[in-house]
Amino acid sequence: PAHHPAINVAVRKVRVACKSVGVRGYDERSGQGDLRYLKFDVERATGKVQLTLVWHAASREVAGSTLESLVQRLAPMPLWHSIWANFNPA
């Protein structure tokens, strides 16, 4: 396989959580949306996933309640090693 199987599980979990809290994927053409990119890394010893969310905002405050709701939905899952948010307003 091209990547660790835990990444497939993580992608499914993120997809469901995004739909449930109303996250909009970022559209390069219009410059609209919330989530620009996802990055997954697996800690091989445990199989836990480090998730990085690249958000279309200048800061956590600007990102608002949608990001907060997404992280609150994901964080309790035992799948995660950690969840990080990076901000990219460009």
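The figures here come from the full heavy-atom set of this structure, side chains too, leaving out hydrogens, waters and symmetry mates.
- Between Val11 and Phe40 the shortest side-chain heavy-atom distance falls below 4.5 Å.
- Remark: side-chain polar atoms of Arg60 are not paired, donor with acceptor, to backbone N or O of Ala85 under 3.5 angstrom.
- In this structure, the side chains of Leu67 and Asp34 stay at 4.5 Å or more apart for every pair of heavy atoms.
- No path of Ile, Leu, Val, Met, Phe, Trp and Tyr side chains, each step under 4.5 Å between heavy atoms, connects Trp84 with Val49, placing them in separate hydrophobic clusters.
- Between the side chains of Trp80 and Ser82, no donor-acceptor pair of N or O atoms lies under 3.5 Å.
- In this structure, the side chains of Tyr37 and Lys39 stay at 4.5 Å or more apart for every pair of heavy atoms.
- Side-chain contact between Leu53 and Val71 is present, with at least one heavy-atom pair separated by less than 4.5 Å.
- Note on Ile83: it clusters hydrophobically with Phe87, by side-chain heavy-atom contacts below 4.5 Å among ILVMFWY residues.
- Not one N or O on the side chain of Asp27 forms a donor-acceptor pair closer than 3.5 Å with the backbone of Gln32.
- Put simply, the side chain of Ile7 reaches to within 4.5 Å of the side chain of Val42, judged on heavy atoms.
- Side-chain atoms of Gln72 and Ser69 include no donor-acceptor pair closer than 3.5 Å.
- Closest heavy-atom contact between Gly47 and Ala6: O-CB, 3.5 Å.
- Using a 4.5 Å heavy-atom cutoff, the side chains of Trp55 and Asn86 are not in contact.
- Side-chain contact between Asn88 and Arg36 is present, with heavy atoms from C-beta onward closer than 4.5 Å.
- What you find for Arg73 and Ala17 is that their closest heavy atoms are CG-CB, 3.6 Å.
- Using a 4.5 Å cut-off on side-chain heavy atoms (C-beta onward), Leu70 and Leu74 make contact.
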- Message: Using the rule given for side-chain hydrogen bond (donor to acceptor under 3.5 Å, both in side chains), can you reason through Ser65 versus Glu68, listing the C-alpha separation, both sets of side-chain angles and the distance that settles it, and then say yes or no?
- Response: CA-CA 5 Å; Ser65 63; Glu68 193 70 31; over 6 Å; no
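- Across Lys48 and Pro78, no two heavy atoms sit closer than the pair NZ-O, 2.8 Å.
- Looking at Asp41 and His81, their side chains never bring a donor and an acceptor atom within 3.5 Å of each other.
- Environment of NZ in Lys13: sparse, with no more than 12 heavy atoms of neighbouring residues, nucleotides or ligands closer than 6.0 Å.
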